[in-house]
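Notes follow once the structure below has been shown.
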Amino acid sequence: MKTDLTDTTASKINKALVKARRAIGTPAVGMVLTLVIVTDEENAYDALKAAGDASREHPSRTLVVIKRVSRSPRDRTQSRLDAEVRVGADAGTGETVVLRLHGEVVDHAQSVVLPLLLPDAPVVVWWPVNAPLDPANDPLGALAQRRVTDTYACEQPVKELAARADAYTPGDTDLSWTRITPWRSMLAAALDQVACQVQAVEVEGEEFNPSCELLAMWLADRLDVPVRRTRSAGPGLTAVRMDTDCGPIVLDRADGSLATLAVQGQPKRAVALKRRDTAELIAEELRRLDPDDTYASALRYGVERLKQENGGDAPAKGDRDAGGRNAGEREAVPAPVESVAKGPAAEATAEAPVKRAAAK
């Protein structure tokens with residue numbers, strides 16, 4: 001059931017929700033949380049579809065906040081709220097309210113959302129794109145126990161990770177971290193099978209993929225060993241190689257779907273490690289509403305390295321200009337994780353020792 005409300009208020013939206021539930025014969029509210037999606041018109045459809053698929057596992061009231069851009073000064077001074085209420089088959093297993101904000105009310109979205117939150121239920125805010133640098137201090141983010149961003153959708157994902165680390169507040173998380181959950185599980189299980197000491201690690205993946213950076217920082221943080229970050233054509237993460245005193249452990253996924261796990265002294269095994277869609281990622285994040293301390297530790301481990309590696313545009317050693325001359329060398333700086341590029345034409349970053357910390 002779908003109801004359109006033009007130039008409405010939060011009170012009228014609540015009444016429309018009650019009326020719609022009664023019309024379809026489900027007057028009781030059986031939802032476990034409120035999911036607030038803050039997006040634009042371009043990305044609203046994909047985000048709403050992902051939330052609808054995730055609602056089969058987590059019945060929730062989904063509030064989609066779309067801030068419309070006013071084209072004239074006159075429109076910017078006039079406030080208007082349009083809403084679309086969906087209940088029943090049109091809203092998955094929960095309720096969906098699409099809120100389109102016009103004019104001055106765009107800057108006060110929290111005043112519209114607050115009356116529509118489910119009472120005594122947790123609140124999760126998700127920014128599919130264009131997340132604020134400090135989600136916890138955002139007016140909408142302040143209403144939530146859990147704040148979900150996605151640095152992969154940013155123009156400069158690695159720099160965005162550094163900003164996330166600077167502004168981290170318990171309850172923050174990122175879908176780039178969620179994407180590497182199967183990798184972390186598989187690598188931990190592989191290490192549990194052998195009684196060996198890891199000496200060095202290499203993480204291979206796309207150049208501007210924040211999930212690769214997070215996995216490298218997590219391994220360096222937990223294992224307290226040098227981690228080498230190399231670049232490949234993708235898709236996403238392609239391989240992790242761990243050098244141990246018992247021989248190498250390699251998890252290789254060249255096609256983005258099926259991976260091969262090779263442990264010294266054991267036959268190679270094929271493991272399913274497909275790239276998951278957004279609905280699966282957001283469903284995983286909704287399973288836990290407590291702070292993710294492991295994510296926080298990994299994120300903070302490599303902040304300085306990320307800033308140093310992305311702070312300048314100096315040419316790297318080995319790069320050559322059109323005439324074949326050496327373009328210059330980048331000054332080496334201490335960093336917790338080394339970053340190099342594979343291939344004759346790729347950029348190579350100077351090696352640096354990993355920051356030593358107490359073993360976890």
Side-chain angles (χ1 to χ4, degrees), residues 36-40 42-43 47 65 67 106-107 109-110 123-181 184 203 205-222 227 229 231 236-237 278 281-282 285 291-314 330 333-339 347 349 352 354-355 357:
V36 181
I37 305 174
V38 187
T39 185
D40 52 23
E42 180 182 358
N43 298 280
V65 179
K67 300 180 179 181
V106 167
D107 298 324
Q110 72 280 5
V123 178
V124 178
V125 177
W126 171 32
W127 291 269
V129 293
N130 301 326
L133 291 178
D134 190 353
N137 286 328
D138 181 82
L140 285 172
L143 301 176
Q145 288 78 37
R146 192 84 160 149
R147 295 162 293 276
V148 184
T149 57
D150 191 358
T151 53
Y152 188 75
C154 300
E155 186 176 352
Q156 296 179 313
V158 179
K159 284 187 176 181
E160 197 75 13
L161 278 181
R164 293 280 177 268
D166 289 338
Y168 176 81
T169 301
D172 292 353
T173 190
D174 196 276
L175 293 186
S176 295
W177 173 254
T178 316
R179 289 184 179 95
I180 62 174
T181 299
R184 294 188 291 121
V203 176
E206 291 175 328
E207 180 177 0
F208 299 109
N209 191 308
S211 295
C212 301
E213 303 290 337
L214 282 169
L215 184 62
M217 291 187 283
W218 174 72
L219 288 166
D221 182 42
R222 306 311 296 179
V227 175
R229 169 76 168 90
R231 297 191 278 271
L237 272 161
T278 306
L281 299 175
I282 197 67
E285 282 302 330
D292 192 340
D293 295 333
T294 306
Y295 165 70
S297 181
L299 184 66
R300 287 168 171 162
Y301 186 89
V303 172
E304 294 303 319
R305 178 188 68 85
L306 294 177
K307 287 183 178 179
Q308 291 164 357
E309 289 185 356
N310 294 278
D313 297 320
R330 176 180 298 167
V333 293
V337 181
E338 304 164 10
S339 179
E347 179 182 350
T349 305
V354 175
K355 182 181 72 175

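Note that this is a predicted model, so its numbers are computed, not measured.
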Side-chain heavy-atom pair [X], [Y] within 4.5 angstrom cut-off:
X: Ser176; Y: Arg179; value: yes
X: Leu133; Y: Glu160; value: yes
X: Pro210; Y: Tyr152; value: yes
X: Trp127; Y: Pro135; value: yes
X: Val36; Y: Leu143; value: no

Salt bridge Glu206-Arg231, side-chain N to carboxylate O under 4.0 Å: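 No, this pair does not count.
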How close do [X] and [Y] get, heavy atom to heavy atom, and via which atoms?
X: Ala153; Y: Val129; result: CB-CG1, 3.8 Å
X: Arg229; Y: Asn209; result: NH2-O, 4.2 Å
X: Val148; Y: Leu175; result: CG1-CD2, 3.7 Å
X: Met217; Y: Ala298; result: CB-O, 3.4 Å
X: Leu140; Y: Val125; result: O-CG2, 3.6 Å
X: Asp150; Y: Pro128; result: CB-O, 3.9 Å

With rounding to the nearest 0.5 Å, note down the distance linking [atom1] in [X] to [atom2] in [Y].
X: Tyr295; Y: Thr178; atom1: OH; atom2: OG1; answer: 8.5 Å
X: Thr149; Y: Leu161; atom1: OG1; atom2: CG; answer: 8.5 Å
X: Glu207; Y: Glu213; atom1: CD; atom2: CD; answer: 9.5 Å

Polar contact flag, side-chain donor to acceptor under 3.5 angstrom, Asp292-Thr173: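 Thr173 and Asp292 do not have a side-chain donor-acceptor pair below 3.5 Å.
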Residues Ile180, Leu237; criterion side chain to side chain contact (heavy atoms under 4.5 Å, CB included); working and verdict: CA-CA 9 Å; Ile180 62 174; Leu237 272 161; 3.6 Å; yes
Chi angles and distances behind the side chain to side chain contact (heavy atoms under 4.5 Å, CB included) call for Val124, Gln145: CA-CA 6 Å; Val124 178; Gln145 288 78 37; over 6 Å; no
Stepwise side chain to side chain contact (heavy atoms under 4.5 Å, CB included) check, Ile37 with Val65: CA-CA 6 Å; Ile37 305 174; Val65 179; over 6 Å; no
Any donor-acceptor pair under 3.5 Å from Asn43 side chain to Asp40 backbone: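 A pair under 3.5 Å: no.
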Candidate pair Asp172 and Arg164, rule side chain to side chain contact (heavy atoms under 4.5 Å, CB included), full reasoning: CA-CA 9 Å; Asp172 292 353; Arg164 293 280 177 268; over 6 Å; no
Trp177 six-ring face occupied by Arg184 cation (under 6.0 Å, within 45°):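 Satisfied, under 6.0 Å and within 45°.
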Steps toward salt bridge (charged side-chain N to carboxylate O under 4.0 Å, His left out) verdict (Arg147, Asp174): CA-CA 8 Å; Arg147 295 162 293 276; Asp174 196 276; over 6 Å; no
